[in-house]
J.: 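Structure provided below as structure tokens; questions to follow.
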2 protein chains.
Amino acid sequence: MNLRELSAQLGLSQTTVSRALNGFPEVSEETRARVRAAADLHGYRPSAAARRLATGQSGTLGLVFPGERNMLGDLLFTEFLGGCVERASQLNYDVTLGMAHGSQSEEAVYRRAVRNARVDAMILSSPLIADPRPALLRQLGMPFMIHGRTQSAEPYGFLDIDNEGAFFAAAKLLADLGHSRVALFNGETAFNFAADRERGFRRALEMRGIAVDPGLISSGAMIEASGLSQAKRLLELPKDRRPTAFVCSSIGVAIGVKRACAAQGLGIGKDIALIAHDDRIHDMGAESFDPPLTATQSSIGDAGRRIVELCVGMLREPQAPLPSEVWPVDLVVRGSTMPVG
Amino acid sequence: MNLRELSAQLGLSQTTVSRALNGFPEVSEETRARVRAAADLHGYRPSAAARRLATGQSGTLGLVFPGERNMLGDLLFTEFLGGCVERASQLNYDVTLGMAHGSQSEEAVYRRAVRNARVDAMILSSPLIADPRPALLRQLGMPFMIHGRTQSAEPYGFLDIDNEGAFFAAAKLLADLGHSRVALFNGETAFNFAADRERGFRRALEMRGIAVDPGLISSGAMIEASGLSQAKRLLELPKDRRPTAFVCSSIGVAIGVKRACAAQGLGIGKDIALIAHDDRIHDMGAESFDPPLTATQSSIGDAGRRIVELCVGMLREPQAPLPSEVWPVDLVVRGSTMPVG
DNA sequence: AAAATTATTCAAAGCGCTTTGGAAACAACA
DNA sequence: TGTTGTTTCCAAAGCGCTTTGAATAATTTT
């Protein structure tokens with residue numbers, strides 16, 4: 001059943017039926033009710049393809065798989081994606097995925113998506129400090145939102161968490177507990193969030209008059225192996241230079257740290273203080289660590305849901321200022337932190 | 001630049017230009033070359049929306065997030081999805097995602113996708129033995145392919161791995177090494193793959209004249225905690241009834257088993273033999289276990305790539321028999337298995 | 001009661017592609 | 001010469017929706 005048939009049934013024009021169904025004000029409530037009833041009765045569903053052609057809008061949002069894949073990255077991306085898909089389907093939007101493959105560069109993926117005009121907007125995740133994608137998309141005329149922030153001359157819409165504030169709070173807590181040798185195991189420095197976190201970390205220690213030892217700051221993949229090897233290295237330092245506290249960019253890293261400590265007979269929350277950032281995945285994480293982990297935490301699924309709302313809002317009101325939000329991050333104190341002893 | 005403008009430029013009809021670009025035979029090679037050159041020159045890209053409307057095909061494949069989410073499940077799904085997206089984009093297809101949310105049942109998600117006619121076919125993953133989706137989709141007239149198999153009266157296309165053969169090989173290896181008390185930690189029994197695996201497992205032991213002890217077979221979530229608790233329980237049995245070998249449905253489960261063994265001072269590959277199924281994720285897995293794990297392995301990313309090919313083939317030749325493939329599974333023997341003793 | 005508003009409804013023109021049913025041009029055959 | 005085939009190309013009719021510009025009906029104003 002299509003629009004023409006339905007309007008013929010009703011003895012109305014396509015215009016009126018279309019407007020009645022789409023909530024335009026210039027159709028009487030009586031007619032609207034009649035149209036709705038008939039549409040329900042016949043199970044009428046407007047053709048997405050026809051609407052796309054007529055409106056020029058695809059009702060579709062695009063995401064692209066991150067170029068470098070790893071376990072945690074995939075988990076985070078999937079959790080984020082799941083949130084996006086959930087909210088998008090509530091808003092009657094589709095989500096389509098792109099991916100670089102083989103010789104095709106990531107840029108080509110974005111170009112392809114834009115050229116084919118298959119999406120109304122794209123959502124960028126894991127932005128680098130110097131990320132080429134905003135400039136590219138703006139040049140191509142494709143609206144976008146960033147999950148995170150980036151260093152960019154041009155304006156852009158974004159949703160980010162307060163990474164700096166989070167790591168400021170974590171480092172400050174440790175400093176207030178008397179720790180002066182605090183190590184930071186950060187994510188890859190090319191990512192904007194990692195820079196933000198390091199800034200917050202440094203600011204807190206400096207505020208407490210603690211000189212930041214560059215040797216205690218490292219960055220790398222946010223996986224168990226990184227935490228293990230880096231912690232091992234630092235724990236081998238002479239006792240008076242060995243860190244008494246660690247701040248980790250992910251729970252995976254914290255697991256590695258814990259293993260390194262265990263190997264030295266050091267107990268988390270007893271001999272060594274540990275804080276990690278916890279991107280809530282499947283509503284579980286830091287609290288099921290042993291001991292329960294003091295953590296800065298934030299739901300990446302919620303971020304996905306919210307960024308889709310912002311994105312759709314942006315598409316509906318193109319002339320409005322670009323949406324931007326920065327979410328505060330909770331520092332939840334659990335059993336992995338204690339005063340320095 | 002649209003088709004009309006391009007054909008005006010060329011002094012040809014839209015028909016001819018369209019056919020030239022789409023490789024129809026009734027246009028001379030000379031004209032085709034001219035058209036191609038002009039299209040390239042002007043950067044002409046056909047509008048996906050218009051094509052969709054005209055052909056009734058959306059050029060889109062649909063997948064739905066599994067209803068129950070967990071870490072391994074997400075990782076597997078993402079790996080599979082990544083493969084799908086990769087091949088789909090090579091074939092100029094899009095992949096869109098659906099997801100049940102809140103009150104909306106999984107069935108509603110499929111209905112919605114079909115009603116809106118936004119996808120040409122759907123790919124079903126993690127089929128249950130009694131899965132309602134094939135009947136639903138057939139009734140709705142939506143083509144689909146299953147990654148896995150199911151117990152269904154109606155025919156369906158599928159790509160599956162030989163789960164039965166894999167677990168047959170694993171159990172047979174253990175039997176041949178002299179193990180007679182072999183435990184199986186299977187996935188949820190509602191899933192078809194779990195039933196297949198158990199069948200293979202039993203068949204091998206029976207073939208070797210070993211009575212299968214039902215107490216040694218359990219099933220549950222394919223996560224570390226399951227392996228840990230189940231193995232712990234079995235390792236507490238009196239020595240003459242305690243299993244000497246374990247077959248696990250995932251590496252996660254194997255990790256749990258290893259921890260349970262370690263707690264009892266039992267070494268994998270020494271005191272206890274261990275085999276797990278390894279869905280290759282990120283090209284790593286069983287070989288980085290300690291000790292390297294004897295495993296049945298199969299690439300889930302490859303499966304994603306292939307199922308998209310089959311799906312697209314099915315759409316292109318709707319009257320051809322439904323495609324189906326069963327992939328053999330390699331049993332790779334590493335250090336976690338040894339003769340009983 | 002006529003004129004001016006306002007509230008409803010409609011006919012028709014796209015959106016940009018595919019595809020049907022010829023037609024024109026040309027060569028090959030009788 | 002007339003007929004039959006081939007090749008190559010085209011005009012025009014959709015696909016099913018949105019939206020513009022007008023027309024009609026109902027209401028209010030003068």
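Values below: every heavy atom of this structure, side chains too, minus hydrogens, waters and symmetry copies. In what follows, chains are A, B, ... by sequence order, proteins preceding strands, each numbered from 1.
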J.: Answer yes or no: is there a donor N or O on one side and an acceptor on the other, between the side chain of T31(A) and the main chain of V27(A), under 3.5 Å?
T.: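 The answer is no, because no donor-acceptor pair under 3.5 Å joins these two groups.
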
J.: State whether the side chain of R149(A) and the backbone N or O of V326(A) hold a donor-acceptor pair below 3.5 Å, judged by distance alone.
T.: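 No: the side chain of R149(A) does not pair with the backbone of V326(A).
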
J.: In plain terms, say whether R305(A) and E309(A) are close enough for a salt bridge, that is, a side-chain N and a carboxylate O under 4.0 Å apart.
T.: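 No salt bridge links R305(A) with E309(A).
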
J.: Under a 4.0 Å heavy-atom cut-off, which of residues 1-13 of chain A touch DNA chain C?
T.: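 Result for residues 1-13 of chain A: G11(A), L12(A), S13(A), sorted by number.
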
J.: If only atom types and distance count, is the side chain of N22(B) paired as donor or acceptor with the main-chain N or O of S18(B) below 3.5 Å?
T.: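 Such a contact is found between N22(B) side chain and S18(B) backbone.
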
J.: Sequence neighbours excluded, which residues qualify as side-chain hydrogen bond (donor to acceptor under 3.5 Å, both in side chains) partners of R36(B)?
T.: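 Result, side-chain hydrogen bond (donor to acceptor under 3.5 Å, both in side chains) vs R36(B): none returned.
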
J.: Using chain B heavy atoms and a threshold of under 4.0 Å, write down where along DNA chain C the contacts begin and end, 5' to 3'.
T.: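 Under 4.0 Å from chain B, the extent on DNA chain C is dC15(C) to dG21(C).
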
J.: Between F80(A) and H147(A), does the ring centre distance come in under 6.0 Å?
T.: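 Yes, the ring of F80(A) comes within the 6.0 Å limit of the ring of H147(A), centre to centre.
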
J.: Within the distance-only criterion (no hydrogens, no angle test), does the side chain of D94(A) pair as donor or acceptor with the backbone N or O of T96(B) below 3.5 angstrom?
T.: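 No, the answer is negative, given that no donor and acceptor are paired below the 3.5 Å cut-off.
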
J.: Check whether any side-chain N or O of Y110(B) sits under 3.5 Å from a backbone N or O of L140(B) as a donor-acceptor pair, and report yes or no.
T.: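 Answer holds: no.
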
J.: With sequence neighbours excluded, what pairs up with E325(B) under the side chain to side chain contact (heavy atoms under 4.5 Å, CB included) test?
T.: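 Result, side chain to side chain contact (heavy atoms under 4.5 Å, CB included) vs E325(B): L159(B), R306(B), L310(B), W327(B).
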
J.: Whether E79(A) and R69(B) form a salt bridge (side-chain N of Lys/Arg under 4.0 Å from carboxylate O of Asp/Glu) is what I want to check.
T.: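 Yes, charged N to carboxylate O under 4.0 Å.
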
J.: Using the C1' atoms of five pairs at each end, what's the angle between the two axes of the helix from dA1(C)-dT30(D) to dA30(C)-dT1(D), to 10 degrees?
T.: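 It works out to 60° between the end axes.
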
J.: Classify the nucleic acid contact of T55(A) as base, sugar-phosphate or nothing, counting any heavy atom under 4.0 Å across all strands shown.
T.: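 Sugar-phosphate, backbone atoms only, no base.
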
J.: Considering only heavy atoms, which members of residues 16-32 of chain A lie under 4.0 Å from some atom of DNA chain D?
T.: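 Residues of residues 16-32 of chain A under 4.0 Å from DNA chain D: S18(A), R19(A), N22(A), F24(A).
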
J.: Report yes or no: does R280(B) contribute a side-chain atom to a donor-acceptor pair with the main-chain N or O of S299(B) at less than 3.5 Å?
T.: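 No.
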
J.: Between T16(A) (side chain only) and L12(A) (backbone N and O only), is there a donor and an acceptor less than 3.5 Å apart?
T.: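 Side chain of T16(A) to backbone of L12(A), a donor-acceptor pair under 3.5 Å: no, none is there.
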
